[in-house]
Amino acid sequence: MLFGLELLLFEIGNFILIYRLARRLEIESRADPSTPAPQHLNTPGAATLIPLPLKATVFYAMLFAPVYTLLGWFEAMPLFFLLLGLDLLLSRRRGLWIASAVAAALGFLVKLTPIMLAPIAVRWLGARLSLDALRHEWFKRRSPGNLLKPAVYILVFLGVVVGVGLPLARFNPSLALSSFTVNSLRPPWQSVWALIDGYYSFGLVPVSMRNLRGLETGGQWTSSLPWTWITLSFALLYLWLYTRRYDWTRVRTPIVFTALSIIWLFLYSKGWSPQFVVWVLAFVVLLRPDLFGVLLAIMLTLLNVLESSVFLILLPDERWILVATVLARTALLILLAIDFAGQIWPAPRRGQQMQRAAVGLSAAVMVAMVGVMLVGAPRTAQAYQARRLAEHPCREAVAYLDAQAGSLTRTLAMDDTALWSDLYPWLGAAYKLVVVDGYNPDDRPAADVMAEKLAEISQEGEFWWIERDADAASSAAATEQWSAAATNFFAAPGVYTRDVQRLGACDLARVLSLPAAANVAQFAVKEGRIDLRGVALGEAQRGADLPLVLYWQMPAAVADSYTVFTQLFAPDGQMVAQQDNLPVNGLAPTNTWAPNQPVRDDYRLPIPADAPPGLYTLHIGLYDAAGRQTATLPDGATADHMTMTVDVR
């Protein structure tokens, strides 16, 4: 907590320093109106509507990334030392440039990035880089371009680094340099280099920097990239940029070149971590406090969220997310560097062209990235759903119920609200999820109330009952160990459970309630009778299957096997659908039935798409090789089938 308060103080310091640096830029632009202004300040009155210091600090205060970074990283501390060193360097007060070297060195001891202030100090303190300056200025004390101040700055920087850092490392050079060693051992991460190298994970640190023996062993990743040539190329590029004939008497030049140096460092770096964006945004608010800067800050922050939260945490197998975010961020950083360079380019017209091109291309990259996100959103949602389902303790039950969603069992009941929350995202669209609790305003026994609620649900038809099993590793036979309320209800007369099974961490059963006195038809067979206890019909729509469930039962066993027929007739008497088979799709012939145990028999009758709407007639019966069996209907009449009316729409 104390460390968090300390970081908060550094972040407050960053606000103050951003205000001070913006103030320096504003004073310079007002003092010399003839100085070429950045492209976003060329609009008449743009600089006077809102003061730049206020605009920059409010812009920074409204950003999400610094607050988010403050919660998990110490980036505010080295950024403070960098901004402090830059502010002290730009001060016209005598000797404060030495304090700038001290601040930069302290920041370097926290993180390597503030070292980029050293080459800026060399140029700001008067050193010119040319053969003429080498011959006539570098080593002449009275010359304004001599190397005395730059040399003192570098010596102070090195002195503080060694004088403070080496004692902290207990005068152990290996420990002092371990940060560089660890970075050399790390695989590239979340960068273009990582994509080329085929590494699609986070910034793995293979060994602690305090484990000196482990550092000698080496890393766990062998890069295929030619880092020597990459380093040489970036060094030459930086040297080319560094030696351009910028106007180093302007305050804007060292601020812009510091931003360029940091972007250059991140482009060269092996990897990218989400906290790095704070370094870039601190200069965006200073140098681009306009609509383009706002959109750029939003996009860079959004790319961070997609990469670090969506890809690395939620969807690590969706590598296209990493590829898209890395390419977009790299392109935006390059274009931002071009825009910044255009603000100080020696040829003003060329600089303005650079800025216009950078803004236009950045807009194209941002629009393209938004398009990628919109196109990839459905796939991302599916991948997230699949991952969540794969981690679900009852994923087997969810998959099974999802496959059964077209049946007539449309209600899923349970006595656990937490289980309801776990199942609703997956099954809420296909089922009516009901929590059966024991609450009642009259304070009656909870078991009685739950039994009554289950009875009410059963009057609407069959339903699924599901419970989370506390001991999911036990055998499947334990699925009969239901909760007390479910056990009492299942023991009631006329209540039956079917398809009882354990699926993952959940126990599942289909619950049937068949009143003892009710029969739809009684079929006389050789050895006795077979009762049709009930019929359940689903919605009858043209061009779709008509779901149909028959509930059979017999008082005594029969020796013969009988076939069930179901036939659907149109109003004109023409048969439009038929399904004949042994019960339960041939899996439960009548001669295998247990006495007094209901058999649930599923059918699906396809209704043609061109069938006319109206009242259809459904025939249901039994037959064997000798013919149809006689059915006694509830009114006492007899026939070779029973009849139902079906409203087809």
Side-chain angles (χ1 to χ4, degrees), residues 63-76 78-79 82 110-116 179-180 182-206 219 221 223-225 227 230-231 233-234 237-238 258-284 296-316 318-338 340 362 365-366 368-369 372-373:
L63 293 175
F64 167 75
V67 178
Y68 175 73
T69 302
L70 192 64
L71 299 177
W73 293 274
F74 56 90
E75 222 68 16
L79 178 60
L82 175 73
V110 178
K111 200 157 191 172
L112 306 181
T113 313
I115 196 176
M116 303 310 297
S179 178
F180 295 95
V182 167
N183 196 54
S184 67
L185 298 177
R186 297 177 72 176
W189 74 98
Q190 297 168 246
S191 64
V192 171
W193 314 119
L195 299 183
I196 297 174
D197 222 12
Y199 187 79
Y200 295 91
S201 187
F202 57 89
L204 175 68
V205 180
W221 180 270
S223 177
S224 61
L225 298 177
W227 280 106
I230 293 173
T231 302
S233 300
F234 270 81
L237 172 62
Y238 188 74
T258 302
L260 277 175
S261 301
I262 290 174
I263 294 175
W264 171 89
L265 179 63
F266 288 151
L267 291 173
Y268 164 72
S269 175
K270 274 187 172 183
W272 173 271
S273 296
Q275 67 271 24
F276 292 175
V277 74
V278 176
W279 297 85
V280 179
L281 295 180
F283 288 92
V284 169
L296 186 66
I298 292 173
M299 180 55 68
L300 289 174
T301 304
L302 180 59
L303 292 176
N304 255 13
V305 173
L306 288 175
E307 186 177 58
S308 60
S309 297
V310 177
F311 171 72
L312 290 177
I313 297 177
L314 299 178
L315 302 172
E318 296 297 307
R319 293 182 174 180
W320 67 271
I321 299 177
L322 179 66
V323 172
T325 54
V326 167
L327 294 180
R329 182 182 58 247
T330 303
L332 290 175
L333 289 179
I334 293 173
L335 293 170
L336 182 62
I338 294 173
F340 285 167
S362 297
V365 171
M366 287 188 276
M369 190 60 200
V372 169
M373 288 187 287

Review point. Is the shortest heavy-atom distance from the side chain of T113 to the side chain of P78 under 4.5 Å?
Key: no

Exercise for review: Can you sort out the partners of E318 under side-chain hydrogen bond (donor to acceptor under 3.5 Å, both in side chains), two or more places apart, ordered by chain and number?
Suggested key: W320, R379

Point to revise | Any side-chain heavy-atom pair of V326 and E307 under 4.5 Å | key: yes

**Study point:** Test item: M369 and L332 side chains (from C-beta on) under 4.5 Å apart, heavy atoms
**Key:** no

Review point. Is the Y238 ring parallel, tilted or perpendicular to the W264 ring (thresholds 30°, 60°)?
Key: tilted

Check your understanding: For the atom pair CG (L296) and CG (L300), what is the distance rounded to the nearest 0.5 Å?
Key -> 4.5 Å

Practice item. Indicate yes or no: at least one non-hydrogen side-chain atom of F340 is less than 4.5 angstrom from one of I263. Key: yes

Review point. To the nearest 0.5 Å, what is the distance between CG (L315) and OG (S309)?
Key: 11.0 Å

Exercise for review: Please check if the side chain of S191 supplies one atom and the backbone of A194 the other of a donor-acceptor pair under 3.5 Å.
Suggested key: yes

**Study point:** Main-chain N/O of L265 paired to S269 side chain as donor or acceptor, under 3.5 Å
**Key:** no

Exercise for review: Show the numbers, then the answer: is there a side chain to side chain contact (heavy atoms under 4.5 Å, CB included) between I262 and F276?
Suggested key: CA-CA 10 Å; I262 290 174; F276 292 175; over 6 Å; no

Check your understanding: Looking at side-chain heavy atoms only, is the closest gap between L281 and T301 below 4.5 Å?
Key -> yes

Check your understanding: Where do S201 and L312 come nearest, in terms of heavy atoms and distance?
Key -> C-CD2, 4.0 Å

Point to revise | Gap between atom CD of Q190 and atom CG of L195 - 0.5 Å precision | key: 10.0 Å

Practice item. Indicate the atoms forming the closest heavy-atom contact of P114 with L82, along with that distance. Key: CA-CD1, 3.9 Å

Review point. Nearest 0.5 Å, what's the CG-CD1 distance between L225 and I196?
Key: 6.0 Å

**Study point:** Side chain proximity check, V310 to T325, heavy atoms < 4.5 angstrom
**Key:** no

Check your understanding: Which value, rounded to the nearest 0.5 Å, describes the distance between L322 atom CG and L327 atom CG?
Key -> 9.0 Å

Point to revise | Closest non-hydrogen atom pair, A324 against V372 | key: CB-CG1, 4.2 Å

Review point. Any side-chain heavy-atom pair from V277 and F266 closer than 4.5 angstrom?
Key: no

Practice item. Could you tell me whether the side chain of T330 reaches within less than 4.5 Å of the side chain of W272, counting heavy atoms only? Key: no

Check your understanding: In Å, rounded to the nearest 0.5 Å, how long is the span from CG of L335 to CE of M366?
Key -> 9.0 Å

Practice item. Compute the ring centroids of W189 and Y199, then answer whether they are less than 6.0 Å apart. Key: no

Practice item. Identify the heavy atoms of K270 and W193 that sit nearest to each other, and give their distance. Key: O-CD1, 4.0 Å

Review point. Could you walk me through whether M299 and V365 pass the side chain to side chain contact (heavy atoms under 4.5 Å, CB included) check?
Key: CA-CA 10 Å; M299 180 55 68; V365 171; over 6 Å; no

